[in-house]
Protein chains: 2
Amino acid sequence: MRIAVDAFGGDNAPAEIVKGAIAAAKELDDEIILVGKENEINTILKSENVPDNLVSVRHADEIIGTDEHPVAAIRAKKNSSLMVALKMVKDNEADAVVSAGNTGAYLAGAFRVLGRIKGIKRPALTTLMPNVTDSPGVILDVGANADCKPFQLVQFAHMGSIYAEHILGIKNPRVALLNIGVEEAKGNALTKETYALLKNEEKLNFIGNIESREVLSGGADVIVCDGFTGNVVIKLIEGTAGTLFSMLKQAFYKNLGTKLAAAVLKPGLKVIKGKMDYSEYGGAPFLGIDGVVFKAHGSSDAKTIKNAVSATSAYLSAGINEKIKSIVATMQKEAAETEDDE
Amino acid sequence: MRIAVDAFGGDNAPAEIVKGAIAAAKELDDEIILVGKENEINTILKSENVPDNLVSVRHADEIIGTDEHPVAAIRAKKNSSLMVALKMVKDNEADAVVSAGNTGAYLAGAFRVLGRIKGIKRPALTTLMPNVTDSPGVILDVGANADCKPFQLVQFAHMGSIYAEHILGIKNPRVALLNIGVEEAKGNALTKETYALLKNEEKLNFIGNIESREVLSGGADVIVCDGFTGNVVIKLIEGTAGTLFSMLKQAFYKNLGTKLAAAVLKPGLKVIKGKMDYSEYGGAPFLGIDGVVFKAHGSSDAKTIKNAVSATSAYLSAGINEKIKSIVATMQKEAAETEDDE
């Protein structure tokens, strides 16, 4: 398969992106195509002593910055590395894209260039969910759709379940609805209606509601919520963990005794910090886009990019989008009934 | 002022509640009335050698358990300590209630017995918000209203601001809207509409949106959100902090070296744990109820109850409900326009 890597997306572009792509190319059978300013990419390839046919390069002149307005950026910068990479999938010059760039522009661009899988109302932003166990789960939507309808959440549940099973290797993934109580009757209008739909989905292992207090304890493999709530959740975990670690750091630097004690504990703390940091997991695909588009974390280094490219390769091999299409086909009737005027 | 204390609400009732009330009675000028099973209360008072006129007792036969269904419980148990205490305020036999009991039953009972302040659409559950600074802020709603309308959030903002100013002693409290981006245009339908209203409220120090990543950094004194989101937030902070501390514990108990190191760091960790635990702050009132009803945390011990009674006394002295009423009066026109059929 052919994977286009946006060499100019992310905080550490292009050097770390190119290095990560090289590492992936050495391990995988896939063809890796680096997209972006040709000269700069070639300079890095040369300095890394990369053999001639390991990766190829597709020139793209422009760069979409992390802080640019998504829709304005994709309109104005048709020759950006991101848009060119997406166009390659559309034109069947590549089978997938990996980018660590501007999330909003990436999602908007993917939506515009590739569209959504027929029958899927909205694509979802997905993130691997850290937890105390050694196997992370997945949470969606984490920001693509601030306002959701119940049927969308059911589709998120199916897409998340397929992803958890085939990419995370979890048999019969436990799907839970994020809610403010465990009982069926709890919640807001959206979660109450969604619960009623989810419990009738025979192809899902729906285990009921999960409270936010429990999301890190690994009680569910797929956590479903609207994009507003999901975005609040992932940023709050990040903020709470960050705050705690900075408080710990202060306590550790208090005096010589605490500094010495902290040194002993450092390796253990590093493991914990890694587990709590969802960026460590590399990234996740936009589920529901009619094409394979994988979002690596903005702060990705070479290792993360290599992991993201490997995950994209696995996603392609597992035929995830085809599996989503076949599930959607069984839901067409309901989908048609709730279709809105978008 | 006369403060009725529900002696049979909370995980540590009645002993810790009674002891907390005694401690408060010794410090405050207010009259403390313990409500619940007379015999049991008197036994504790005797064992604590309490002088005769320090506190009084009002008998109430029944107890509402923490896990009982709120509405069913308040209907079935009119003679519960909780309902009798609320009735005392209604009948002008007390000026305020403090309870650590079933939150849902307390809120439903207060709503039924005392009603809401005229013009306030819905009362809000409020919680003190821990942060890295030494002065906590306040967040509301944290669960009373799973679905909210923009105008309700504006009322929450005013009530929270009054509380922060007069009880937490914060001059000109910074009010922020919890959202998934800092820009005005970000968010779901609710937050976008709410933002448009809040920025025109001249009596509020509205500082714009706050992302969940920042809620613990102390960037706002009053954080406003719907009850679904607020409930997710407080439980997620609790869950994340709990998970991190249990991971730390594991790392600390790994071997003798780490155990010794952990012992050195223990006092610092305890301070951090206390800061992150909103239950340490004692509790908060139901804002918007036409009466002073203060909810102490379910796990309250004597010290927390004493703090809760003191806070209630301060709330009464500051005339918070009167201040809310006068703000509402200026909003009557809008309130009337958005009045629904409840």
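Computed from a prediction, not measured in an experiment: that's the story for all the values here.
Both the backbone and the side chain of B/Thr240 come within less than 4.5 Å of a heavy atom in chain A. Heavy atoms closer than 4.5 Å to chain A are found nowhere in B/Asn145, neither backbone nor side chain. In this structure, no portion of A/Leu260 lies under 4.5 Å from any heavy atom of chain B. Only the side chain of A/Val215 has a heavy atom closer than 4.5 Å to any heavy atom of chain B.
Taking every heavy atom of both residues into account, B/Ala146 and A/Gly187 meet most closely at CB-O, 3.4 Å. A/Ile180 and B/Phe228 get closest at one heavy-atom pair: CG2-O, 3.6 Å. The two atoms that bring B/Asn231 and A/Glu211 nearest to each other are OD1-OE2, 4.4 Å, heavy atoms only.
Among A/Val232, A/Thr191, A/Thr243, the residue with the largest count of heavy-atom pairs under 4.5 Å with chain B is A/Val232. With chain B as the partner, the residue from A/Leu190, A/Leu248, A/Asp226 showing the most heavy-atom pairs under 4.5 Å is A/Leu248. For the set A/Val264, A/Thr229, A/Leu244, the entry with the most heavy-atom pairs within less than 4.5 Å of chain B is A/Leu244. Each of A/Ser217, A/Ala263, A/Ser212, A/Gly239 has some count of heavy-atom pairs under 4.5 Å with chain B, and the biggest count is that of A/Ser212.
Between the CD atom of A/Glu214 and the CG atom of B/Leu236 there is a distance of 11.0 Å, given to the nearest 0.5 Å.
A donor-acceptor pair under 3.5 Å links the side-chain atoms of A/Asp147 to the main chain of B/Ala189, judged by distance alone.
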